[in-house]
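What follows is a single structure, written as structure tokens, with notes after it.
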Amino acid sequence: MLWVKAFHIIFVASWFAGLFYLPRIFVNLAMVPADSVAERDRLLLMARKLLRFMNILMLPALALGLWLWLGYGIGGMPPAPWMSLKLLAVALALFYHHLCMRHLQYFESGQASHSHIWYRWFNEAPVLLMVAAVVLVVVKPF
């Protein structure tokens, strides 16, 4: 079980690194002048590659988490209150991941309408989700 837990933590941390960094690329994209095509193309390429890598990292993170929960019974069945809230945090992280994919599509199609300041605030959500998940798993306050 400890190997599964260790690799779950490694994949979650790696996935969240992407969730932290991709919106930072969006901040830079929102600040690119309209006439700077090369800079925009370079940032879009970075964002696409990072998103592909994030998709790959997310899958084992989720699979290993399910293995810990359903295979080893961590969190109980039915889930303990702390586990239910942690699962909500995971669902919100998945939704945020999806939003990042959508915003990349907006940038690629030239339809992005948010400012760099909006993306700076958007970038704070995964930090809050990670803090919530870690506190719920380690402290188990409920």
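Trp121 and Val131 fall into different hydrophobic clusters, defined by Ile, Leu, Val, Met, Phe, Trp and Tyr side-chain heavy atoms under 4.5 Å apart, directly or through other members. Following chains of ILVMFWY side-chain contacts shorter than 4.5 Å, one can reach Leu66 starting from Trp3, so the two form part of one hydrophobic cluster. By the criterion of side-chain heavy atoms lying less than 4.5 angstrom apart, applied directly or through intervening Ile, Leu, Val, Met, Phe, Trp or Tyr residues, Ile117 is not grouped with Val27; the two fall into different hydrophobic clusters. Under the 4.5 Å side-chain heavy-atom criterion for ILVMFWY residues, no single connected hydrophobic cluster contains both Val12 and Leu128. The same ILVMFWY cluster, assembled from side-chain heavy atoms under 4.5 Å apart, contains both Trp67 and Met77.
Side-chain contact check for Pro33 versus Glu39: some heavy-atom pair is nearer than 4.5 Å. Considering only heavy atoms from C-beta on, Pro60 stays 4.5 Å or farther from Phe7 through its side chain. Leu62 places a side-chain heavy atom less than 4.5 Å from the side chain of Val90. Contact of the Leu85 side chain with the Trp82 side chain is not registered, since no non-hydrogen atoms from C-beta on lie closer than 4.5 Å. Within the 4.5 Å cutoff, the side chain of His8 has no heavy atoms near those of the Lys5 side chain. Side chains of Ser113 and Trp118 form no contact here, defined as non-hydrogen atoms less than 4.5 Å apart. Side-chain contact between Met130 and Val134 is present, with heavy atoms from C-beta onward closer than 4.5 Å. The shortest distance between side-chain heavy atoms of Leu29 and Ile25 falls below 4.5 Å.
How far CG of Leu68 is from CD1 of Ile74: 4.5 Å, rounded to the nearest 0.5 Å. Going from atom NE2 of His116 over to atom CZ of Arg24 covers 10.5 Å, rounded to the nearest 0.5 Å. Taken from CG in Leu19 to CG in Leu51, the straight-line distance is 9.5 Å, to the nearest 0.5 Å. Summarising the geometry, atom CG belonging to Leu57 is positioned 12.0 Å from atom CZ belonging to Phe16; distances are rounded to the nearest 0.5 Å. In this structure, the separation between CG on Leu104 and CZ on Phe107 is 8.5 Å, given to the nearest 0.5 Å. Atom CD1 of Ile9 sits about 11.5 Å away from atom OG of Ser14, to the nearest 0.5 Å.
Nearest heavy atoms, Phe122 versus Cys100: CE2-SG, 4.0 Å. Taking both residues in full, the closest heavy atoms of Trp69 and Gly76 are given as NE1-O, 3.0 Å, listed atom of the first, atom of the second, then distance. Across every non-hydrogen atom of Asn123 and Pro126, the tightest pair is O-CD, 3.3 Å. The heavy-atom pair separating Ala30 from Ser115 by the smallest distance is CB-C, 4.0 Å. Nearest heavy-atom pair across Trp15 and Ala61 is CE3-CB, 4.5 Å. Of all heavy-atom pairs spanning Glu108 and Arg40, the tightest one is O-NH2, 3.6 Å.
Between His103 and Tyr119, the angle of the ring planes goes over 60°, which puts this pair in the perpendicular group of the 30/60° scheme.
Within a 6.0 Å radius of OH in Tyr72, other residues, nucleotides and ligands contribute more than 12 heavy atoms. Heavy-atom contacts from other residues, nucleotides or ligands closer than 6.0 Å to CZ of Phe20 number more than 12.
In summary, the side chains of Tyr106 and His114 do not present any donor paired with an acceptor at a separation below 3.5 Å, with no hydrogens or angles considered.
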Would you sort out whether Asn55 and His97 count as a side chain to side chain contact (heavy atoms under 4.5 Å, CB included), showing the intermediate values? CA-CA 9 Å; Asn55 289 336; His97 186 113; 2.6 Å; yes
